[in-house]
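Report on the following structure.
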Amino acid sequence: MQRRDFIQKLIATGAAAFGVSRTAILHAQQGGAATPRPLPARGEFIIRDAYVMTMDRAAGDIAGGSVHVRNGVIAAVGKDLKAPGAAVIDGRRCIVLPGLVDTHWHMWTTYLRSMAGDKPDDGYFPVTTRYGKAMEPIDMYRSTKLAAAEAINTGLTTVGNNCHNVRSHDHAVYDIRAVSETGVRCRWSYGPYRGMPPDKHIDMADVEAMHRDWDKYSNGGLISLGFAWGGIPTGPAAAKSPESLDIARKEFETARRLGIPMATHWASRENTPAGDVEALATGNFLGKDVLLIHMLATSPAEMKLVAAAGSPISVSPGSELRIGYGLTKACDFMDAGILVCVSLDTVPLTGSANFFGVLKLMRNAENAKAFNEFKLTARRALEMGTIDGARALGLDSQIGSLVPGKRADVIMVRTDGLDMGVFTDPAHMLVEAAEEADVDTVVVDGRILKRGGRLTSLEPEKVIADAAASLAEVGKRL
Ligand SMILES: [Zn+2]
């Protein structure tokens with residue numbers, strides 16, 4: 001029997017009766033998630049004669065420097081390093097720096113790229129909700145795989161995958177699998193799902209079970225579990241449903257008891273009344289383990305509360321500007337003593353995952369707001385996109401700067417293309433001029449995932465074709 005006929009017959013005879021899940025059928029119909037190519041081995045290599053930006057303030061930059069990587073670890077950084085037996089990567093005319101760190105990205109929305117339209121019915125929220133409701137686990141896999149491939153291509157070695165379309169346990173598992181197969185480092189946060197009615201809530205038993213079994217999902221420690229907490233009801237919503245506060249509190253307490261770091265979208269739009277942040281502070285819902293996203297409606301007094309509690313803030317100027325949440329407040333937050341990191345959020349709004357471009361938007365918006373060419377330096381923006389992102393995720397002892405002993409998340413950016421050519425100020429070049437095509441080499445945990453401008457373990461054409469097929473299928477189910 002032809003495979004297609006078999007599948008049709010399976011459906012016709014009521015596959016559920018045979019213990020075959022709808023997920024498995026859809027998976028088979030779409031050609032399945034073919035056995036992935038094994039990730040490249042962690043070898044030993046040395047990048048020589050590069051302009052090395054360690055992003056460590058003590059070590060600084062090293063012109064004509066080298067980075068020696070062995071078994072996933074940065075063995076040495078400096079000039080005139082000896083590394084007999086290590087494969088040599090020519091770093092001339094390149095800038096080498098730590099991999100970029102995203103802290104909040106709904107990766108499953110990626111094949112809805114640029115689909116947030118120009119009328120309210122086609123806006124970001126209705127479109128992602130419409131498609132999100134129709135997406136099966138295999139569709140989450142296809143879209144998130146596209147995201148992970150794009151992450152590596154653009155030099156993001158860590159992603160803060162905030163999965164807010166967990167319609168079933170399988171949706172979570174397939175989303176994680178897509179990340180896992182690509183080898184990128186990830187904080188994967190278990191969230192709600194699009195169109196979740198107010199009387200429903202996140203399946204905390206599933207969160208607990210996944211936490212217990214996390215070794216199965218962690219890809220050897222590269223992926224850590226987070227929780228995309230929805231915050232607490234405020235204003236009229238709180239008055240209407242007092243029990244919803246209890247649910248939110250229980251979710252928060254469960255995550256904290258299990259030691260699962262949280263990320264929550266909060267006070268997002270600047271033109272809404274302040275006060276919600278104060279509600280989080282007075283309810284003891286802040287702390288180092290609670291990453292706050294957007295926060296544009298935060299008053300100066302509330303910024304002090306956030307700083308005192310130690311919550312970091314993730315700003316996503318690419319999406320915030322596009323959707324009209326307001327101008328970034330990254331510098332106001334930092335001036336108040338808050339740790340600020342950067343995020344992509346969602347490519348239906350940002351268009352692409354070019355993180356250098358997001359850093360550029362942030363820096364330029366800050367300078368515009370301040371009427372000051374010097375308000376936010378390019379180097380400070382790069383720190384926010386590397387070491388500060390690692391700090392916000394609690395990963396700075398492992399990644400975020402090129403320091404011996406840390407895990408080897410390293411990127412190499414060419415400076416001899418027409419857009420980058422003539423080496424001048426490296427921090428400015430990266431923030432102002434760098435594009436994905438300039439990213440020559442990407443190393444995550446010592447594995448070379450991009451080399452010579454090409455992905456080493458993924459075929460972009462196949463990832464894109466699979467994503468397109470899945471989007472077409474989902475479109476038929478709307
Ligand atoms: Zn978001």
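One is the number of the first residue; the rest follow in order along the sequence. Whatever order the structure lists ligands and atoms in, that order sets their numbers, starting from 1.
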Phe285-Phe252 aromatic ring centre distance below 6.0 Å: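 Judged by ring-centre distance (under 6.0 Å), Phe285 and Phe252 do meet the cut-off.
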
All ring-ring contact (aromatic ring centres under 6.0 Å, His included) counterparts of Trp266, not counting sequence neighbours: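 Applying ring-ring contact (aromatic ring centres under 6.0 Å, His included) to Trp266 gives none.
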
Sequence neighbours excluded, every pair satisfying side-chain hydrogen bond (donor to acceptor under 3.5 Å, both in side chains) that has a member inside residues 96-106: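 Listed by first then second residue: Thr103-Ser314, His104-His106, His104-His265, His104-Ser343, His104-Asp345, His106-His164, His106-His265, His106-Asp345.
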
Exam field: side chain Thr377 to backbone Arg380, donor-acceptor pair closer than 3.5 Å: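 Between the backbone of Arg380 and the side chain of Thr377 there is a qualifying donor-acceptor contact (under 3.5 Å).
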
Check: Glu278 main-chain N/O paired with Glu302 side-chain donor or acceptor under 3.5 Å: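 Confirmed, Glu302 side chain pairs with Glu278 backbone.
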
Cut-off under 2.8 Å, centre the Zn ion (ligand 1), protein N/O/S atoms: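 Listed by chain and number: His104 NE2, His106 NE2, His265 NE2, Asp345 OD1.
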
Contact list for residues 334-378, test ring-ring contact (aromatic ring centres under 6.0 Å, His included), sequence neighbours left out: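 Listed once each, the pairs would be none.
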
